Amino acid sequence: MASSFTKFVACLTLLALLLGTSSAQLTPDFYCDSCPGLLDAVRNQIKLAVARENRMGASILRLFFHDCFVNGCDGSLLLDDTPTFVGEKRAAPNLNSARGFEVIDAVKAAVEEVCPGVVSCADILAISARDSVVELGGPSWNVKLGRRDALTASQAAANTSIPPPTSNLDQLVSSFQAQGLSAQDMVALSGGHTIGQARCTSFRSRIYNETTIDGFFAATRQAGCPRTAGSGDNNLAPLDMQSPTCFDNYYYKNLVARRGLLHSDQQLLSGGFSDSQVRLYSGDSDAFSRDFVAAMIKMGDIKPLTGNNGEIRKNCRRVN
Ligand code: HEM
Ligand SMILES: *[C@@H]1O[C@H](CO)[C@@H](O)[C@H](O)[C@H]1NC(C)=O
Ligand SMILES: *[C@@H]1O[C@H](CO)[C@@H](O)[C@H](O)[C@H]1NC(C)=O
């Protein structure tokens, strides 16, 4: 009697533990029963968006990074400002720069059509980022799911948590370590700059003032980015001049050729500890893909809201 009662209690305890951990942990099959059409719905919308404009794949990948680095991957970046609510869209790293929100709206609408009220915007952004990489020829991975959406946002945290392009190597390392990501993760995730564009204002001082830059490359970029601050600030240049719409390892090959566009990019190959990792990726795209995928999964694990925390937003731009 006593022993079966003990077993019963042990079982309850185990069940409670399992429930406790399953609500606190993300898993790829989170919506298997509740939204079997989820992955197809997201993929179809991302395919359409990237077909319409290749750069959009890059813009969506960056949105996920900017969401996760500000109090976790909780969809906070997606909230619009209102007269009484300050969101993250006008924070320094996002202002005149973060884009693709209407694509996330379209993905959300497609998902709401197949399973209304079930899937969070935070998860939709995580899947969209993966599908964007795949659509541009990069590696695939199973996206862990079960995040819920934030009820708040933080412009202050967005200003301070996302590293600026003026960062030096040690500043890059510490901003990633503040999120629980290693220096190695930082170097692999920076490979996200193998796609997409940057504005003149983000790389002006590098192309006019730095000596650690290939002369031909600097001259080419100067032609599209006037020296004087305030003129041509929003002129665009590809982060990877070789193949800006292909997710490949040319980002690292460029660094070896001293053709990193941002100051922060070239810092990864500047005589420091990360040189060897950059050289490895520049010659081994499989090594890059493997480490990029592992680091994306780690980034997606940053402080998710789970269980009863947060909500499942109906519209990604506002709390319910
Ligand atoms: C390591 C620190 C990082 C710094 C300092 C940084 C900085 C920047 C800057 C300044 C831009 C250009 C913004 C503009 O001028 O409008 C940019 C673009 C971009 N970043 Fe990063 N970034 C970093 C890490 C990452 C990571 C981890 C990812 C994703 C894995 C990422 C993905 C992108 C993409 C895809 C673009 C192009 C977006 C587009 O074309 O719309 N970045 N980044
Ligand atoms: C964030 O940075 C922007 C742009 O530099 C600035 O206007 C805003 O006041 C800052 N917000 C906070 C809360 O620090
Ligand atoms: C280059 O550096 C000088 C001296 O620090 C500074 O005054 C100037 O504004 C910089 N030019 C650009 C284009 O960043």
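Since this is a predicted model, take the numbers as computed values, not measurements. For ligands, and for the atoms within them, numbers begin at 1 and follow the listed sequence.
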Look at the side-chain heavy atoms of Ile, Leu, Val, Met, Phe, Trp and Tyr, link any pair under 4.5 Å apart, and say whether [X] and [Y] land in one connected group.
X	Y	value
Val118	Leu38	yes
Tyr31	Trp141	yes
Ile207	Tyr251	no
Ile124	Leu79	no

A student checking ligand 3 against Arg227 at a 4.0 Å heavy-atom cut-off should list atoms 13 (C)
Which of the ligand 3 atoms, numbered from 1, are nearer than 4.0 Å to a heavy atom of Ser205
14 (O)
Measure the distance from [atom] to every protein heavy atom, then report the residue, atom name and distance (to 0.1 Å) of the closest one.
atom	result
atom 29 (C) of ligand 1	Leu61 CG, 3.9 Å
atom 30 (C) of ligand 1	Leu189 O, 3.4 Å
atom 4 (C) of ligand 1	Pro163 O, 3.9 Å
atom 35 (C) of ligand 1	Ala58 O, 3.1 Å

Beyond-backbone contact of Arg206 with Asn209, side-chain heavy atoms, under 4.5 angstrom
no
Hey, what's the ring geometry for Phe292 with Phe247, parallel, tilted or perpendicular (30° and 60° as the breaks)?
tilted
If you measure only the distance, is there a donor-acceptor pair under 3.5 Å linking the side chains of Asn96 and Asn234?
no
Strictly by modelled atom types, are Arg62 and Ser97 linked by a side-chain donor-acceptor pair under 3.5 Å?
yes
Specify side chain, backbone, both or neither for [X], according to which of its non-hydrogen atoms lie closer than 4.0 Å to ligand 1.
X	answer
Pro164	backbone
Ser59	both
Leu172	side chain
Phe176	side chain

Using a strict cut-off of less than 4.0 Å between a Lys/Arg side-chain nitrogen and an Asp/Glu carboxylate oxygen, indicate whether [X] and [Y] qualify as a salt bridge.
X	Y	value
Arg148	Asp74	no
Arg43	Asp40	yes
Glu102	Lys108	no
Asp214	Arg259	yes
Arg199	Asp233	no
Lys144	Asp301	yes
Lys47	Glu135	yes

Listing by chain and number, what protein N/O/S atoms are under 2.8 Å from atom 21 (Fe) of ligand 1?
His193 NE2
Residue-ligand contact Ser167/ligand 1, heavy atom below 4.0 Å:
no
Under 3.5 Å donor-acceptor, Asp149 side chain and Arg313 backbone
yes
Anything with a heavy atom under 4.0 Å from ligand 2 counts, so go ahead and list those protein residues by chain and number.
Ala92, Gln155, Ala156, Asn159
Numbered atoms of ligand 1 (with element) below 4.0 Å of [X], judged on heavy atoms:
X	result
Ser264	5 (C)
Arg55	39 (C), 40 (O), 41 (O)
Ser97	13 (C), 14 (C), 16 (O)

Glu88 and its side-chain hydrogen bond (donor to acceptor under 3.5 Å, both in side chains) partner, picked from Ser76, Ser161, Ser154
Ser76
Answer yes or no: does an N/O atom from Arg99 fall short of 3.5 Å to an N/O atom of ligand 1?
no
